[in-house]
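Written below as structure tokens is the structure these notes are about.
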Amino acid sequence: MSLLLTNIKELLQVREPGVLKVSGDEMKELPSLKNAWLFIENDTIADFGTMDNLPELNADKITDATGKIVLPTWCDSHTHIVYAGNRELEFADRINGLSYEEIANRGGGILNSAKTLQETPEEEVYDQSAKRLEEVMKLGTGAVEIKSGYGLTEEAELKMLRVIKKLDENYALPVKSTFLGAHAIPKEYKNDPDGYMDLVIDEILPKVAELKLAEYIDIFCEKGYFTVEETNRLLSAAQKFGLKPKIHVNQFNAIGGVKAGVDHRALSVDHLEVMQREDFEVLKGTETMPVALPSCSLFLSIPYTPAREILDAGLPLALATDFNPGSTPSGNMNLVVSLACIKMKMTPEEAINAATLNGAYAMELSSTHGSITKGKKANFIVTKEIPSYTFLPYAFGTNSIESVYINGKVI
Ligand SMILES: N=CN[C@@H](CCC(=O)O)C(=O)O
Ligand SMILES: [Zn+2]
């Protein structure tokens, strides 16, 4: 099956193979072709060019894209899409003045979601999560990472990871799996955090590895959750099983988690709302991708990741949703891109680079996803007729997407 899109107003993020991420000033450039065509064979980008050089192609289907922009699908490298129930009552509590921390200290927060997940049958967790995954695919997401971390017992963590695996098997987009057993300390271990770390490291982690249920390891390195020492211990143990770190750091406090991640060659360090000078220095010259989650900042009214300082330091940056029931009940990457421009002062070019190619890098997918490149998967968004690509972040809250293609097929 082959498909030819013609008269594309602008084809964005056009790259040669081998560009796996962009950093610093490189992010200001968003290579594109105006008045372009794109040729898809089966699930792969076969070729592209400008209309003045359209070769004779034998396409099964031709789609005219006059007035429309085509860009790679969003690569959302940080989500907690697998969960059960919601936390809208905590939302109301926060409106009435309680902080995220106060709610967590009262047994709400992550522990609230863990209780619900433990009590919900696996099929039901799958159905609820699949619905969310379908929703974000329609919003343009074509690759996603999903974490466990609302189980907090061996049984419930494995249940979450099986659901993630099943989503990967049943949907055309790649779904990367991360083990986040160290997301919060369950109340039974309130006075024995070492005991919980022993359970995670000695019991659950080996099972996760044996069953090949995760590729990555995560921990919430934060005051009141897990220390830098615990982070180092977990990441070292996970390394023995070949699980690379993608970790939650610097959301509320900078306690040294960025260095712990970099020391363990983390694929990404995520959140970074609070950054200290040494965190920038530690990241320079490494392969670790900083990841910002602006819709979490919006929802919790916490600072936004200092994107300008990160980019001006020559570092790369990826954008992701953090879709979860507590701090970000939204998986809309279009909103993330808008917020990055409006609140973090990223240019549209920088934000689109961060939400496509760099997002793919933060899931080790950038050799197959994240750009319009010959040989990559045919995962792309066709917009409605819009004046320019800047209109995408500018018209925040407007759905500018007409169709989404995953592996060459409209979803
Ligand atoms: N910060 C840690 N974990 C999630 C929120 C978890 C929750 O509140 O349920 C996050 O990335 O924001
Ligand atoms: Zn998160």
Side-chain angles (χ1 to χ4, degrees), residues 76-91 93-94 98-118 125 128-129 132 136 144-152 156-157 160 164 176-186 216-226 230-231 245-255 257 261 266-274 289-305 318-331 333 336 339 359 362-363:
D76 189 354
S77 67
H78 181 136
T79 85
H80 308 250
I81 282 179
V82 170
Y83 59 83
N86 280 298
R87 302 225 300 269
E88 71 273 26
L89 298 180
E90 292 181 7
F91 176 56
D93 287 343
R94 279 200 306 109
L98 284 183
S99 71
Y100 183 75
E101 195 184 5
E102 285 163 337
I103 290 167
N105 290 341
R106 289 175 7 158
I110 295 166
L111 298 187
N112 180 0
S113 288
K115 184 170 182 292
T116 314
L117 188 123
Q118 288 162 10
V125 177
Q128 292 184 21
S129 307
R132 285 187 283 270
V136 301
V144 71
E145 178 260 18
I146 309 180
K147 301 169 191 302
S148 68
Y150 291 121
L152 310 184
E157 282 294 309
M160 287 189 79
I164 299 171
K176 293 284 195 148
S177 177
T178 300
F179 172 48
L180 176 55
H183 196 191
I185 297 169
Y216 305 118
I217 184 77
D218 196 350
I219 183 166
F220 189 13
C221 181
E222 180 59 58
K223 280 187 190 163
Y225 292 84
F226 296 93
E230 287 163 336
T231 303
K246 280 175 67 60
I247 61 175
H248 284 73
V249 290
N250 293 33
Q251 182 175 5
F252 302 107
N253 300 280
I255 59 171
L267 180 58
S268 69
V269 285
D270 303 25
H271 272 292
L272 310 176
E273 288 88 343
V274 179
M289 177 64 72
V291 179
L293 310 165
S295 35
C296 175
S297 298
L298 173 76
F299 192 72
L300 294 187
S301 300
I302 61 173
Y304 286 82
T305 301
L319 288 165
T321 62
D322 199 16
F323 195 176
N324 76 73
S327 72
T328 323
S330 161
M333 281 295 285
V336 165
L339 288 172
M363 301 184 267

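The structure presented is a predicted model; accordingly, all values stated were derived computationally and were not measured. When a residue number appears, it is its place in the shown sequence, counting from 1. Remember, it's 1-based here, ligands and their atoms both numbered in the order they're listed.
Under the 3.5 Å distance criterion, the side-chain polar atoms of Tyr304 are left unmatched by any main-chain donor or acceptor of Ala292. Between the Glu273 side chain and the Thr305 main chain, no donor and acceptor come within less than 3.5 Å of each other. In terms of modelled atom types and a separation under 3.5 Å, the side chain of Gln118 and the main chain of Gly151 share a donor-acceptor contact. Panel note: side chain Arg94, backbone Phe299; a donor-acceptor pair is recorded below 3.5 Å. Not one N or O on the side chain of Thr79 forms a donor-acceptor pair closer than 3.5 Å with the backbone of Asp322. Within the 3.5 Å criterion, the main-chain N or O of Leu180 finds a donor-acceptor partner in the side chain of Ser148. One N or O on the side chain of Lys246 and one on the backbone of Ser77 form a donor-acceptor pair closer than 3.5 Å.
Contacts between Glu222 and ligand 1 below 4.0 angstrom, taking non-hydrogen atoms only, are absent altogether.
For Asp322, the N/O/S atom at the shortest distance from the Zn ion (ligand 2) is named OD1. Shortest distance from the Zn ion (ligand 2) to His80 is reached at NE2 (N/O/S atoms only).
Partner of His248 under the side-chain hydrogen bond (donor to acceptor under 3.5 Å, both in side chains) criterion, chosen from Lys147, Glu222, His78: His78.
Considering backbone and side-chain atoms together, His248 places an N or O closer than 3.5 Å to an N or O of ligand 1. Distances between N or O atoms of Ser113 and those of ligand 1 include no value under 3.5 Å.
Residue Tyr150 places a heavy atom under 4.0 Å from ligand 1.
Residue, atom and distance of the protein heavy atom nearest to atom 10 (C) of ligand 1 are Asp322 OD2, 3.1 Å. Summary of contacts: the protein heavy atom closest to atom 12 (O) of ligand 1 is Ser327 OG, 2.5 Å. Looking only at heavy atoms of the protein, atom 3 (N) of ligand 1 is closest to His183 NE2, 2.8 Å.
Every atom of ligand 1 with a heavy atom of Tyr100 under 4.0 Å away is listed here by number and element: 5 (C), 6 (C), 7 (C), 8 (O). Near Gln251, meaning under 4.0 Å from any of its heavy atoms, are these atoms of ligand 1: 1 (N), 2 (C), 12 (O).
At a cut-off of 2.8 Å, His78 is counted among the residues with an N, O or S atom near the Zn ion (ligand 2).
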